[in-house]
Amino acid sequence: MRIYLSRPHMSGREQEYVAEAFASNFVAPLGPQLESFEATVSEYLGGDLHCVGLSSGSAALHLALRIAGVGAGDEVWISSMTFAGGIFPVNYLGATPRFFDLDPASWTIDIARLTDELAVADREGRLPKAIVPTDLYGQSVDLDALETLAAQYDIRLVLDSAESLGASYLGGRKAGTGGDAAILSFNGNKIITTSGGGMLVTRHKDWAEQARFLATQARDPAPHYEHSTFGYNYRLSNICAAIGLGQMEVLDERVARRRTICQRYRKALSRPGIAFMPEPEGQRSTCWLTALTIDPALTGVSREDIRLMLLEHEIEARPLWKPMHMQPLYTGTPYHGAGIDESLFANGLCLPSGSDMTDDQQDEVIERIQILLDRKG
């Protein structure tokens, strides 16, 4: 590709931190850079939070659900429109997902539908063990409403904030600070990256302690930790954490640039039949990826027409996530919704949004889309 969807963007300081890690010979999954990275993220999020650096966001979700007590036969209620890594840990634990649609006003989990289904499940004695809503494309879910529901029914709330580090909810509250735990991702295409990696963020000190124990290949039962009969090789490398230290120094700059890119797309491409992901009043998305929908009846072109045209010019664009209830693996899994997520997948597209994309590159993307729309419209 000449223009990527979202590629790593270094600050220039990462090599210094990595050199310090090499000089100290801390090249394993522990060391001062890892401890500093965890502390830096905690400080950035601005609360009494405990952060545990891990090998991936999926690893963080796996540990969070296990610590929450999720096991075989339990239900986990989850956003259907999510990345595969945001659902597979449910399977690892032998639990069963129940999928939920999105609210068209936010493209995050439908709170009204969730509220109604919880009331029904409570009456029928089948409440879920945990709820896992997704901060889609960098936008926070409705934290207040979700925390209220979780408290009302005494259900564990684990937030999938893999795409939203740097976003804020109402009143400036940072995404990734709610619930019993939140998970972050530092994969290569995220806002900031450690090449690969993730983090578990929790207000519960004992959850963080258990996560560290389970993430270091724990093999023997620990009398003070329930369920800790075995563990995993999930700890984040100190070298990767060193990269993260350099990335955290420019996080706000990266978010600002992606928001600017999104605004430029909105200004240039807004026309009948083109709709961008809404941003609820009072919230501030990272705009990790600029996401929009294309109505073929109004524009004369489909999502695929645009994607394939860009691909011919070595420009990467991708459909929105395919809802999990539409995947063969989850055929027959309970789903509650009106198909908002299905419609978004059918007509949705993510445009190149990397923070290192130049204005000239973005102008090319815009111009090529405009030409196609004008020709077909």
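Heavy-atom basis, side chains included; hydrogens, waters and symmetry copies ignored. Nothing here was measured: the structure is a model prediction, and the numbers come from that model.
Checked for salt-bridge contact, E43 and K174 miss the test: no charged N lies under 4.0 Å from a carboxylate O.
Looking at H313 and R2, their side chains never bring a donor and an acceptor atom within 3.5 Å of each other. In the model, T177 has a side-chain atom that pairs as donor or acceptor with a side-chain atom of R173 under 3.5 Å. In this model, a donor atom of one side chain and an acceptor atom of the other lie less than 3.5 Å apart for Y44 and D252. A side-chain N or O of H325 and one of E342 form a donor-acceptor pair less than 3.5 Å apart. Neither side chain, Y234 nor R212, offers a donor N or O lying under 3.5 Å from an acceptor on the other. Judged by distance alone, the side chains of S58 and S56 never bring a donor and an acceptor atom under 3.5 Å apart. Using a 3.5 Å distance cut-off with no hydrogens or angles, the side chains of S164 and D135 do pair a donor with an acceptor.
Not counting sequence neighbours, the partners of S36 by the side chain to side chain contact (heavy atoms under 4.5 Å, CB included) test are T40, L245. Residues passing the side-chain hydrogen bond (donor to acceptor under 3.5 Å, both in side chains) test with N238, sequence neighbours excluded: Q33.
Residue pairs meeting the salt bridge (charged side-chain N to carboxylate O under 4.0 Å, His left out) criterion with at least one member in residues 275-291, sequence neighbours excluded, are R259-E279. Within the structure, ring-ring contact (aromatic ring centres under 6.0 Å, His included) pairs that include any residue of residues 74-110 comprise H62-Y92, W77-F100, F83-W321, F99-Y330, F100-H336 (at least two apart or interchain). The stretch residues 274-301 participates, sequence neighbours left out, in no ring-ring contact (aromatic ring centres under 6.0 Å, His included) pair at all. For residues 166-196, every residue pair satisfying the ring-ring contact (aromatic ring centres under 6.0 Å, His included) rule, not counting sequence neighbours, is listed here: F37-F186.
Following chains of ILVMFWY side-chain contacts shorter than 4.5 Å, one can reach L200 starting from F213, so the two form part of one hydrophobic cluster. L65 is not connected to L146 by any chain of hydrophobic side-chain contacts under 4.5 Å among Ile, Leu, Val, Met, Phe, Trp and Tyr, and they are in different clusters. Taking hydrophobic clusters as Ile, Leu, Val, Met, Phe, Trp and Tyr residues chained together by side-chain heavy-atom distances below 4.5 Å, V250 does not share a cluster with Y17.
Between S140 and T108, the shortest heavy-atom distance links the atoms O-CG2, 3.9 Å.
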task: Please assess Q362 against Y265 for the test side chain to side chain contact (heavy atoms under 4.5 Å, CB included), listing each intermediate value before the final yes or no.
output: CA-CA 8 Å; Q362 188 180 12; Y265 278 133; 3.4 Å; yes

